[in-house]
Amino acid sequence: MDDDARPEARLTVLSGPSGVGKDSVIESVRARSHWVWLSVSVTTRKKRENEVDGVHYYFVDRVEFERLRASGQLLEWAEFAGNLYGTPRAAVEARLREGVPVLLKIDLQGARQVRAAMPEAQLVFLAPPSIEELKRRLIGRGTEDEDTIARRLAHADEELAAEAEFDRTIVNDVVERAADELVGLLGSSFLTPAQLSSTRLGSAGSSSTGLSSAGLGSTGFSSTGLGSTGSGATGPGSAEFGAGDFESGNLDPGHLNPGQLNSVHR
Ligand SMILES: Nc1ncnc2c1ncn2[C@@H]1O[C@H](COP(=O)(O)OP(=O)(O)OP(=O)(O)O)[C@@H](O)[C@H]1O
Ligand SMILES: Nc1nc2c(ncn2[C@@H]2O[C@H](COP(=O)(O)O)[C@@H](O)[C@H]2O)c(=O)[nH]1
């Protein structure tokens, strides 16, 4: 599918447990949907061999991350499995102002912060077909040591249990199919939970995967737990950040063609 139609600009968050396939699905979305802009996060994590600074992440040390966080340059941020991650605020706000749909790939804590700060954002949960398959993917990727895999899987329980906080669930059974579904959501008209409760339409989310460790099924749209800051993360600052900090055009994956993207994504 090659869709160049540009839907109304809005912010979409894609979350899901580590190893579920967020990067794989996003790579597929971006290869076909050039109208979507993928935010590049800042992180203190060590760069993986195949990663490019400024394309996959902006890799910084903790001092720099703290400077960005304290000066309000991050829209949201979180500590995940021992590393800090955050979304540069200015680039996201600029794209939305320009009318470009924006996609954030962030963890549960970050998704909750975005929901609190921007209730109109669409939150999409990417779920694995099964927990066994999630483990297979995380281990099979071969980018983390045993200890890190264990920490990421420990987070997965909490993330799977939070599925009902999301507006939609996509099961990543087959990358291209899941990507098709995400493209559909990026361009679809959508009622936020706030709009839903005012119109009293009830649940409009997609079906539950029933994978949460608590055995809770998703009820689709849910207002419970929304706006929580999540485990250990505090809300982002509010000041605007200086222009240009993250705006290096050469490093913007939005300027890469699909071939280039395929070569830089894992
Ligand atoms: N639908 C799928 N079927 C089989 N394997 C998949 C599928 N989607 C992704 N994978 C594989 O699973 C592994 C993890 O995928 P990926 O790195 O995209 O996950 P992620 O959710 O972005 O992880 P993280 O949050 O840790 O960055 C990769 O080796 C990828 O090739
Ligand atoms: N809250 C945020 N979470 C983020 C951000 N960028 C990435 N992430 C999430 O971190 C984990 C681990 O990612 P990895 O690249 O180290 O495998 C994953 O769940 C991402 O979604 C961010 O800016 N904010």
Side-chain angles (χ1 to χ4, degrees), residues 11 13-30 38-53 55-60 65 68-69 73-89 91-92 102-117 121 123-130 132-145 148-149 151-156 158-160 162 166 170-182 229-236 246 262 265-266:
L11 182 64
V13 165
L14 185 70
S15 290
S18 179
V20 69
K22 297 181 294 297
D23 279 330
S24 309
V25 169
I26 285 173
E27 178 183 341
S28 171
V29 166
R30 289 196 45 77
L38 173 65
S39 167
V40 180
S41 297
V42 56
T43 185
T44 61
R45 171 168 70 64
K46 230 174 120 221
K47 189 162 78 64
R48 294 176 187 144
E49 233 172 56
N50 61 336
E51 289 179 323
V52 178
D53 191 20
V55 174
H56 296 92
Y57 284 105
Y58 296 102
F59 295 94
V60 298
F65 191 97
L68 296 169
R69 191 202 61 72
Q73 296 187 48
L74 302 180
L75 177 63
E76 60 72 38
W77 67 277
E79 180 145 15
F80 182 91
N83 297 302
L84 298 166
Y85 298 83
T87 302
R89 177 194 298 278
V92 169
V102 170
L103 183 57
L104 305 185
K105 186 207 77 165
I106 61 179
D107 84 326
L108 174 63
Q109 303 165 69
R112 287 171 169 164
Q113 291 170 46
V114 170
R115 164 109 316 151
L123 304 193
V124 179
F125 186 79
L126 193 66
S130 69
E132 292 66 38
E133 175 62 13
L134 176 68
K135 288 181 188 160
R136 257 195 302 278
R137 287 181 191 175
L138 192 53
I139 294 165
R141 187 170 68 189
T143 50
E144 271 79 32
D145 58 32
T148 308
I149 288 172
R151 292 172 87 173
R152 286 175 180 244
L153 285 174
H155 265 285
E158 188 193 348
E159 303 212 298
L160 291 167
F166 288 76
I170 296 175
V171 178
N172 179 20
D173 42 10
V174 176
V175 171
E176 293 304 313
R177 196 211 58 74
D180 278 346
E181 211 177 319
L182 181 56
T229 52
S231 49
T234 55
F246 292 99
N262 287 339
H265 279 77
R266 61 174 174 262

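Counting starts at 1 for both ligands and their atoms, in listed order. Below, each value reflects all heavy atoms present in this structure, side chains not excepted, and no hydrogens, waters or symmetry copies.
- Across the listed options Y57, Y58, F80, Y57 owns the non-hydrogen atom lying nearest to atom 13 (O) of ligand 2.
- Considering each of R177, R137, R152, the one bringing a non-hydrogen atom nearest atom 7 (C) of ligand 1 is R137.
- Geometrically, ligand 2 and W77 share no nitrogen or oxygen pair separated by less than 3.5 Å.
- Every N/O-N/O distance between S18 and ligand 2 stays at or above 3.5 Å.
- Any N or O atom pair closer than 3.5 Å counts here, and Y85 shares at least one such pair with ligand 2.
- Listed by atom number, the atoms of ligand 1 under 4.0 Å from V175 heavy atoms are 1 (N), 2 (C), 7 (C), 8 (N).
- When heavy-atom distances to ligand 2 are checked against a 4.0 Å cut-off, E51 has no atom that comes that close, whether in backbone or side chain.
- Between D23 and K105, at least one side-chain nitrogen of the basic residue sits less than 4.0 Å from a carboxylate oxygen of the acidic one, meeting the salt-bridge criterion.
- Both the backbone and the side chain of K105 come within contact range of ligand 2, each with a heavy atom under 4.0 Å.
- Under the 30°/60° scheme for interplanar angles, the aromatic rings of F125 and F166 are found to be tilted.
- Close approach of ligand 2 to G110 is summarised as follows: ligand atoms under 4.0 Å from at least one heavy atom of the residue are 1 (N).
- Atom CG of L104 is separated from atom CD1 of I26 by 9.0 Å, given to the nearest 0.5 angstrom.
- For N172 (side chain) and A178 (main-chain N/O), no donor-acceptor pair under 3.5 Å exists by modelled atom type.
- Below 4.0 Å from some heavy atom of A78 lie the following atoms of ligand 2, by number and element: 1 (N).
- In terms of polar-atom proximity, defined here as any N/O pair under 3.5 Å, V42 makes no such contact with ligand 2.
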Candidate pair T43 and F80, rule side chain to side chain contact (heavy atoms under 4.5 Å, CB included), full reasoning: CA-CA 10 Å; T43 185; F80 182 91; over 6 Å; no
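- Nearest-residue assignment for atom 16 (P) of ligand 1 (options G16, G21, A179; heavy-atom criterion): G21.
- With a 4.0 Å heavy-atom cut-off, ligand 2 is reached by the side chain of R152 but not by its N, CA, C or O.
- Interface of E76 with ligand 2, defined as ligand atoms under 4.0 Å from a residue heavy atom, comprises 1 (N), 2 (C), 22 (C), 23 (O), 24 (N).
- Considering each of S24, S15, G19, the one bringing a non-hydrogen atom nearest atom 18 (O) of ligand 1 is S24.
- A salt bridge is absent between E132 and K135: the closest approach of a Lys/Arg side-chain nitrogen to an acidic carboxylate oxygen does not fall below 4.0 angstrom.
- The option with the heavy atom closest to atom 22 (O) of ligand 1, from among N172, D23, V20, is D23.
- Between D107 and ligand 2, at least one pair of N/O atoms sits closer than 3.5 Å.
- Judged purely by atom type and a 3.5 angstrom limit, R137 has no side-chain atom pairing as donor or acceptor with the backbone of G19.
- Between the side chain of E51 and the main chain of Y57, no donor-acceptor pair closer than 3.5 Å is present.
- The ligand atoms of ligand 1 that sit less than 4.0 angstrom from a heavy atom of D173 are 1 (N), 2 (C), 3 (N).
- For H56, no heavy-atom contact with ligand 2 is shorter than 4.0 Å.
- The heavy atom nearest to atom 28 (C) of ligand 1, out of those in E144, R141, E159, is found in R141.
- The atoms of ligand 2 that sit less than 4.0 Å from any heavy atom of R45 are 14 (P), 15 (O), 16 (O).
- At a heavy-atom cutoff of 4.0 Å, ligand 2 is contacted by the side chain of K22 but not by its backbone.
- Considering both main-chain and side-chain atoms, R48 comes within under 3.5 Å of ligand 2 through a nitrogen or oxygen pair.
- Heavy-atom contacts of K105 reach the following atoms of ligand 1: 27 (O) (cutoff under 4.0 Å).
- In this structure, the side chains of F65 and L74 come closer than 4.5 Å at one or more pairs of heavy atoms.
- E144 CD to R151 CZ: the interatomic distance, rounded to the nearest 0.5 Å, is 11.5 Å.
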Could you go through S24 and R141, starting from their C-alpha distance and side-chain angles, then the distance that decides it, and tell me whether this counts as side chain to side chain contact (heavy atoms under 4.5 Å, CB included)? CA-CA 11 Å; S24 309; R141 187 170 68 189; over 6 Å; no
